[in-house]
Amino acid sequence: MADVKIVRAYYLTAVGQESLAYHFKVKKGTPEFEMIKPGDIAVSFYRTDEAITSIPALLRVDGVIGTDRRVKDFLRGEKKDGVPMLPIVRIYEHFDPLEFNKMNQVFADFTEELRSYTRQSMVQGDLFEFEEKG
């Protein structure tokens, strides 16, 4: 059996679930290694194709890969790409879908207010570039 499992997951942000899936690692010997399953909400760090950050982030687990052959394929790809997969920090057991929906609504309201103050453009769905109104 492999010493890691590969987790396919989507980031959850205040504008909803991102469309691009990423792969993460869960190491053997952690509680998450035995427990993680599709549908779980997990915690890792936020990344994009251009950057890896130290910002904590929520993920919706889409799938878990644990077979030796598939895990080895992913680990070879990781070395070839020269960028390690981010670790799963833990499963977030207190995720509340109603609170998540509230976060989405509050952010939508905030962006409307923001539009009234500045001209701005969305970058990657939730980052803003600002330009003063003039």
Side-chain angles (χ1 to χ4, degrees):
M1 182 172 194
D3 289 339
V4 298
K5 287 183 180 177
I6 308 301
V7 174
R8 175 186 159 99
Y10 294 88
Y11 284 107
L12 298 177
T13 71
V15 292
Q17 177 177 296
E18 290 188 350
S19 60
L20 186 61
Y22 288 96
H23 292 92
F24 301 83
K25 286 194 278 194
V26 179
K27 292 184 179 181
K28 189 174 187 175
T30 65
E32 293 76 20
F33 186 83
E34 298 300 328
M35 297 172 31
I36 201 159
K37 63 190 179 311
D40 283 345
I41 303 301
V43 178
S44 187
F45 304 99
Y46 190 76
R47 71 166 288 182
T48 66
D49 284 338
E50 295 82 31
I52 295 174
T53 75
S54 60
I55 300 169
L58 295 177
L59 316 164
R60 184 189 62 78
V61 175
D62 184 58
V64 178
I65 300 163
T67 60
D68 285 340
R69 183 172 161 263
R70 299 258 343 258
V71 168
K72 286 178 185 175
D73 288 344
F74 272 93
L75 295 176
R76 273 194 297 275
E78 176 184 58
K79 287 186 181 191
K80 179 182 163 209
D81 294 343
V83 178
M85 287 175 269
L86 287 169
I88 295 292
V89 175
R90 69 183 180 96
I91 296 171
Y92 188 67
E93 296 183 20
H94 303 291
F95 181 76
D96 183 342
L98 295 176
E99 284 297 315
F100 182 66
N101 287 341
K102 180 180 179 184
M103 179 71 73
N104 294 346
Q105 185 57 56
V106 168
F107 192 77
D109 294 345
F110 170 73
T111 57
E112 285 303 313
E113 182 180 5
L114 185 60
R115 283 185 182 97
S116 72
Y117 284 82
T118 64
R119 284 181 285 161
Q120 51 78 34
S121 59
M122 298 286 274
V123 178
Q124 290 186 343
D126 59 356
L127 299 176
F128 293 92
E129 291 179 351
F130 297 99
E131 187 178 307
E132 286 188 38
K133 277 187 173 179

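What you are looking at is a predicted structure, and each value in this text was computed from that prediction instead of being measured.
A pairwise comparison of heavy atoms in Asp68 and Ala2 identifies OD1-N, 2.5 Å as the closest pair. Ala14 and Met103 make their closest contact through CB-CG, 3.8 Å (heavy atoms, listed as atom of the first residue, atom of the second, distance). Closest approach of Val61 to Ile36, counting heavy atoms only: CG2-CD1, 3.9 Å.
Considering only residues two or more places apart in sequence or on other chains, Glu112 meets the side chain to side chain contact (heavy atoms under 4.5 Å, CB included) condition with Arg115. Gln17 meets the side chain to side chain contact (heavy atoms under 4.5 Å, CB included) test with Tyr10, Leu12, Arg60; sequence neighbours excluded. For the ring pair (Phe, Tyr, Trp, His ring centres under 6.0 Å) test, no residue two or more places apart in sequence or in another chain qualifies with Phe45.
Both Leu86 and Ile41 belong to a single network of hydrophobic side chains, linked directly or stepwise wherever heavy atoms of I, L, V, M, F, W or Y lie under 4.5 Å apart. Linking ILVMFWY side-chain heavy atoms closer than 4.5 Å, directly or via other members, places Met35 and Val71 in two distinct hydrophobic clusters. Hydrophobic clustering of Ile, Leu, Val, Met, Phe, Trp and Tyr side chains at less than 4.5 Å, counting indirect connections, unites Phe95 with Val43. Linking Ile, Leu, Val, Met, Phe, Trp and Tyr whenever their side-chain heavy atoms come within less than 4.5 Å leaves Ile88 and Leu75 in two separate clusters. There is no path of hydrophobic side-chain contacts, each under 4.5 Å, that joins Val4 to Val83.
Ring planes of Phe107 and Phe110: tilted class, angle from 30 to 60°. The aromatic rings of Tyr11 and Phe24 sit perpendicular, their planes meeting at an angle over 60°, well past the 30° parallel limit.
Using modelled atom types and a 3.5 Å distance limit, the side chains of Asp109 and Gln105 yield a donor-acceptor pair.
Expressed to the nearest 0.5 Å, how far OG1 of Thr30 lies from NZ of Lys25 amounts to 12.5 Å. The CD1 atom of Ile52 lies 11.5 Å from the CE atom of Met85; values are rounded to the nearest 0.5 Å. Here OG1 of Thr13 is found 10.0 Å from CG of Leu58. Values are rounded to the nearest 0.5 Å. Within the model, atoms NE2 of His23 and CD1 of Ile65 stand 5.0 Å from one another, a figure rounded to the nearest 0.5 Å. Separating the CG atom in Asp62 from the CZ atom in Arg8 is a distance of 5.0 Å, to the nearest 0.5 Å. Asp81 CG to Phe74 CZ: the interatomic distance, rounded to the nearest 0.5 Å, is 11.0 Å.
Between Arg70 and Asp73, none of the side-chain N atoms (NZ, or NE/NH1/NH2) sits under 4.0 Å from a carboxylate O, so this pair counts as no salt bridge.
A donor-acceptor pair is defined here as one N or O able to donate and one able to accept, closer than 3.5 Å; such a pair exists between the side chain of Asp96 and the backbone of Leu98. Judged by distance alone, the side chain of Lys5 and the main-chain N or O of Gly66 form no donor-acceptor pair under 3.5 Å. Checked by atom type and distance alone, the side chain of Ser44 pairs as donor or acceptor with a backbone atom of Pro87 at under 3.5 Å.
Contact check for Leu20 versus Asp49: side-chain heavy atoms found under the 4.5 Å cut-off.
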